[in-house]
Amino acid sequence: MTTPTTEVTDHRLVGVGAVDEAGDRFDALRARHRVVRVIEPERSYWMVLDHDLVRECLQNPAVFSSEVITPLSPDPPLSMIPIQLDPPEHTQWRRLLAQYFSPRTMGLLRPRLEERTAELVAAIRARGACDYVEDFALELPTVVFLELMGLPIDELPTFLAWEKQALAPTGEGDFDKDRQIGGIFSVVGYFQAEIARRRESGERGDGLLGAMLGWELDGVPAPDDALVNCCLLLFLAGLDTVAMSLSFAMHHLATHDADRRHVAGLAAAGEPIDDVVEELLRFYAVPEVGRKVKQDIEVGGQQLRAGDLVLFPLVAANRDEALVAGADALDLTTGQAAPHLAFGAGPHRCLGSHLARIEMTVALAGWHRVIPEYALRPDTTPRAYWGNVHGIFALPLAEFGS
Amino acid sequence: MRIVVDSGLCSGHARCNATAEDLFPLDDLGYVAVTDPTVPAGQEKRARDAVSACPERALSLIDT
């Protein structure tokens, strides 16, 4: 049975504000609605706030298509592989990619991640202060990306610059489309040239990129433009999501002494911090995932029509009491991680989730072993932005103790 | 006690494996590939914890 459509007009997908607001801004809405129609001046879409409904919709790609993955881009000029493909086309790509991102394969990267983390943290400790976003969070996943793809590490500064251009908002929190497209074209151009170079040399070369050059779809070699497209997606999806999840985690720990001491204690004792990472991922889930409705369907008492766009802010689902009692607060000491949806659900479950988990575990343990004491630099108030991914502009940390 | 996998729902979060690796082995792609669904005596709590760790609700247990 459907209920009359409830609309809100004061919610915005894109914005800036206090760091906590990025996640907190759904709390009051979720208390009133499981599903709500959001009317903005430039767009309208359904927003699903209920944990069970988010999971069920994301598990149903036949109705909730990935043809559109954000209401910010209702008519995407290009279909990104594999994130904007639906089964069965999606399934082929996903199978090709999955073994390179499996828990086992990702586990092999741990020693290199620990090494790079130790280098970065030692340099920051010596300086006595840092901008965590710039000096650590953006750099670590980008280094790993280059190594995983089989690209030279001296490309790091170039990739970091493109990443900022393609993904970060301006200081006012706006996303400058021309600037972003410029960054994206730079990445596309790089992969086009690198693939052409490898094809001409007759040697596929190292890493995932080398493997991709041998991929077949239905018995036919995957076209190079599809491979470039897939490389772009790996770049767009894997770098700032991890960087910003780390930044929200460190902002929390820098502003909550008991939690920071808890993590530092575990790190000092060499105890696993996996549950800590899960809880931080749950509570500060950064992605807001979109879908396009392919056929009329009722969700949570609301009638959705074919062609409608739907937004799933994962942090809203993760703070729903239906997931776990006390979900509206962060608790690092529960001892059992909640089965949260920070990596989504259904066939598009974040391909890089196992890498992201290891990156976060290594990064937080490595930091706290060396810098157990720290705080926000006095007289600074970090600001967050939100859109398809939540982020923090800068996170100045200091007061590292003796 | 026996493990039941809805392989149509498993999407490779691998949280079951992270909780009880021996009871929930993975295939090469990282999806659950339970070889022996029988939960050994004494392992029931680990099996329950692993089942409840699944974000997709793809796992269940039946008493035998």
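Reminder, nothing fancy here: chain letters follow the sequence lines and each chain counts from 1.
- When heavy atoms are compared at a cutoff of 4.5 Å, Asp49(B) approaches chain A by way of both its backbone and its side chain.
- What you find for Pro103(A) and Gly30(B) is that their closest heavy atoms are CD-CA, 4.0 Å.
- Contacts of Asp52(A) with chain B are made by side-chain atoms alone, with heavy-atom separations under 4.5 Å and no backbone atom involved.
- The 12-atom threshold is not exceeded at CG of Asp206(A), counting heavy atoms of other residues, nucleotides or ligands nearer than 6.0 Å.
- Between Ser52(B) and Gln336(A) the shortest heavy-atom distance is OG-NE2, 3.6 Å.
- Residue Arg112(A) qualifies as enclosed at atom CZ: its count of foreign heavy atoms under 6.0 Å is above 12.
- Atom-to-atom distance recorded for Ser102(A):OG and Leu29(B):CG is 8.0 Å, nearest 0.5 angstrom.
- Across every non-hydrogen atom of Arg104(A) and Asp28(B), the tightest pair is NH1-OD1, 3.4 Å.
- Ranking Arg95(A), His51(A), His340(A) against chain B, the residue ahead of the rest is Arg95(A), based on heavy-atom pairs under 4.5 Å.
- Proximity to chain B (any heavy atom under 4.5 Å) is shown, for Ala345(A), by both the backbone and the side chain.
- Side chain of His13(B) to main chain of Leu341(A): no donor-acceptor pair is present (N/O by atom type, distance under 3.5 Å, no hydrogens or angles).
- Listed options Pro55(B), Cys54(B), Gly8(B) were ranked by heavy-atom pairs under 4.5 angstrom with chain A; first place goes to Pro55(B).
- Contacts of Glu56(A) with chain B are absent, with no heavy-atom separation under 4.5 Å from either backbone or side chain.
- Between chain B and the residues Gly346(A), Ser353(A), Cys350(A), the most heavy-atom pairs under 4.5 angstrom are made by Gly346(A).
- With a 4.5 Å cut-off on non-hydrogen atoms, His348(A) does not touch chain B at all.
- The pair Arg349(A)-Glu56(B) fails the salt-bridge criterion, with no side-chain N (NZ, NE, NH1 or NH2) lying under 4.0 Å from an Asp/Glu carboxylate O.
- Considering every non-hydrogen atom in both Ala53(B) and Pro339(A), the closest pair reads O-CB, 3.5 Å.
- Comparing Ala14(B), Ser11(B), Ala58(B) by heavy-atom pairs within less than 4.5 Å of chain A, the highest count is held by Ser11(B).
- For a residue to count as touching a neighbouring chain, one of its non-hydrogen atoms must lie under 4.5 Å from one of that chain's; by this rule Arg357(A) touches chain B with the side chain only.
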